4 protein chains.
Amino acid sequence: MEERRAGALVFHLDLSQPLYEQILQQMRQAIAKGEIRPGDKIPSVREMAQALRVNPNTVSHAYQELDRDGLTETRRGQGTFITTSPERIERFRQTLARRVTQEFIRQMQAFGFGWDDIRALLREAQDDSRET
Amino acid sequence: MEERRAGALVFHLDLSQPLYEQILQQMRQAIAKGEIRPGDKIPSVREMAQALRVNPNTVSHAYQELDRDGLTETRRGQGTFITTSPERIERFRQTLARRVTQEFIRQMQAFGFGWDDIRALLREAQDDSRET
Amino acid sequence: MEERRAGALVFHLDLSQPLYEQILQQMRQAIAKGEIRPGDKIPSVREMAQALRVNPNTVSHAYQELDRDGLTETRRGQGTFITTSPERIERFRQTLARRVTQEFIRQMQAFGFGWDDIRALLREAQDDSRET
Amino acid sequence: MEERRAGALVFHLDLSQPLYEQILQQMRQAIAKGEIRPGDKIPSVREMAQALRVNPNTVSHAYQELDRDGLTETRRGQGTFITTSPERIERFRQTLARRVTQEFIRQMQAFGFGWDDIRALLREAQDDSRET
DNA sequence: GTGGTCTAGACCACG
DNA sequence: GTGGTCTAGACCACA
């Protein structure tokens, strides 16, 4: 779980998953949380590759997925930019939240936990995090 | 999402994930929910492979993981059996529930959702499920 | 415009466009026209690469796009298969036909042609093709 | 899809295609539709670049293609002018219409649509446009 | 300078 | 054997 920086962004990469997916995921999060703003230019493929000590192709793969998500726009010869539409970002964030929540519930129920169990476990997790 | 049977067990297999993981996960669930009881013998690798129309290597891979979980015991020449200790099963179930919950919260927070958002989304999901 | 064969399939590749897009496009057409049937296995990445005298990565890129289109399903360790759902294929074909038609009309109108001109040009093209 | 003006001309630029092609295409259309008349002077590369907020190289690339089309003539030290021959413009327009039509038909047939399908889709598109 | 494509060749996960 | 990922390094199109 190595930490690497690219401008204001901080990345945590390990080898248990595809690198391009980790980059993709963490870019999505940075966009969703507003750490990078609509319209912002993100680091060039080569810059990012150098900062993360990763092959440019790997970064490029991640950037192309971001484009498919509609979170970025690529201008050949100019660079890659966050979409100027905050609505699109928010829509992405909401869709994703619902999907993650559904999947969480599905798993818990598959192991025989009911709504009360789920709520109890969440409360427990929240209490733990308060102490920390 | 094809349905296949092996004795009392019903499996749902699709192709979007590794087969061995799907089998593993659904075996864990069957054990956790008590659909298979402590001490029960589970089908041999070959039987299971035939029933699921799947490569024996795939079943074998899943069974090895169950052993590592401590949910099964393999007795040379006799076959594979669910652990005789219900406590061990319950401990596994609790540990897993906490791990899944932690991971869920980690993801939601990574996308900028707070505790209130999480609770709201869960309530929404519960309401949806009631209507259905 | 070189012709290359892979099993029953015939490909025409040139260098004026990305190779992976040409492969993608011609696979889509083969599927849409029913030259490959639902459920069929398509040649492995390596077979196809060899047949087309192209790098396996290039074929892989095309196959991944087909997956995204929902026209194929990939089973790791087994190969790539045409979706078993003919409806999905037909839906793809219809959507694409409408998109292509819209674009055609848009272009013609942008150059000052009206509906009558468009119909006349089509009739002319059809007559030409009859003579050939 | 941003709108930008250069004298009497209005351009719609987006980022999904090369800028020089969009400029080229829209210049061709303006000439074909007579929005710019034979013999007219068109803005200099620099003026145009400034008006469209675009790199001069980009405009230059588009102008060179127009010259190759025979739609413009560049006179050293004086600027770029629309050809004085209306016949040449009309010939260009006809050629282009045939090329676009051929390409449209080729695509439709590649996806297994016949003449009847094509006509039906066009009629459908026309009906849709009437309602709007 | 930017991103996109392609190759060659390696290694991994899965069945 | 299958597909997926990664690297290194080349070349192209675009601004």
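Keep in mind the model is a prediction, meaning the values are calculated, not measured.
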### Query
Listed in order of residue number, which residues of residues 73-81 of chain A have a non-hydrogen atom at under 4.0 Å from DNA chain F?
A:R76, A:G77, A:Q78
### Query
Atom CD of C:Q50 and atom C1' of F:dG1: how far apart are they, to the nearest Å?
14 Å
### Message
Counting only side-chain nitrogens and oxygens, does A:Q64 get under 4.0 Å of the OP1 or OP2 atom of E:dG3?
### Response
no
### Query
Rounded to the Å, how far apart are A:K41 NZ and E:dG3 C1'?
10 Å
#### Entry: Qualifying residues under side chain to side chain donor-acceptor pair (under 3.5 Å), relative to C:R53, sequence neighbours excluded
none
### Message
Requiring both pairing distances under 3.5 angstrom, list the stems that contain DNA chain E and are made of three or more consecutive Watson-Crick or G-U pairs.
### Response
E:1-14 with F:1-14
### Summary
Heavy-atom nearest pair, C:A51 first then C:R4, reads O-CB, 4.1 Å
### Query
For residues 54-63 of chain D, which residues have at least one heavy atom under 4.0 Å from DNA chain F?
D:N55, D:T58
### Query
Rounded to the nearest Å, what distance is computed from the CZ atom of residue A:R46 to the C1' atom of nucleotide E:dG1?
8 Å
### Message
What is the separation between atom CD on D:Q22 and atom C1' on F:dA15, rounded to the nearest whole Å?
### Response
13 Å
### Task
Could you state the atom-to-atom distance from CG of C:L52 to P of E:dT7 in whole Å?
10 Å
### Task
List for me each residue that meets salt bridge (Lys or Arg N to Asp or Glu O under 4.0 Å) alongside C:R37, sequence neighbours excluded, and say none if there are none.
none
### Query
Looking at residues at least two apart in the chain, or sitting in another chain, which of them share a side chain to side chain donor-acceptor pair (under 3.5 Å) with A:R106?
A:E103
#### Entry: Which residue lies more 5' along DNA chain E, comparing B:L19 with A:D67 via nearest heavy atoms
A:D67
#### Entry: For C:E90, side-chain contact (heavy atoms from CB on, under 4.5 Å) partners two or more places apart
C:R93, C:Q94
### B:R5: side-chain contact (heavy atoms from CB on, under 4.5 Å) partners, not counting sequence neighbours
B:E3, B:V10
### Task
Please name all residues satisfying side-chain contact (heavy atoms from CB on, under 4.5 Å) with C:Q17, sequence neighbours left out, ordered by chain then number.
C:E21, C:Q22
### Nearest-Å distance for atom pair CG/P, residues A:D14 and F:dT5
15 Å
Which donor-acceptor pairs under 3.5 Å do the side chains of residues 59-70 of chain D make with protein atoms, sequence neighbours left out?
{"residue": "D:S60", "atom": "OG", "partner": "D:Q64", "partner atom": "NE2", "Å": "3.4"}
{"residue": "D:Y63", "atom": "OH", "partner": "D:P43", "partner atom": "O", "Å": "2.8"}
{"residue": "D:D67", "atom": "OD1", "partner": "D:T72", "partner atom": "OG1", "Å": "2.5"}
{"residue": "D:D67", "atom": "OD1", "partner": "D:T74", "partner atom": "OG1", "Å": "3.4"}
{"residue": "D:D67", "atom": "OD2", "partner": "D:T74", "partner atom": "OG1", "Å": "3.3"}
{"residue": "D:D69", "atom": "OD1", "partner": "D:R28", "partner atom": "NH2", "Å": "3.3"}
{"residue": "D:D69", "atom": "OD2", "partner": "D:R28", "partner atom": "NE", "Å": "2.7"}
{"residue": "D:D69", "atom": "OD2", "partner": "D:R28", "partner atom": "NH2", "Å": "3.1"}

### Sequence neighbours excluded - side chain to side chain donor-acceptor pair (under 3.5 Å) pairs with any residue from residues 40-52 of chain A
none
## Note on the structure
note: D:Y20, atom OH; E:dT2, atom P; distance rounded to Å ~ 21 Å
### Query
How do A:Q17 and D:P18 order along DNA chain F: which one's closest nucleotide is nearer the 5' end?
A:Q17
### Query
Are any non-hydrogen side-chain atoms of A:F11 and A:M27 less than 4.5 angstrom apart?
yes
#### Entry: Between P of E:dG15 and CG of B:L24, the distance in whole Å
12 Å
#### Entry: Partner set under side chain to side chain donor-acceptor pair (under 3.5 Å) for D:R98, not counting sequence neighbours
C:E124
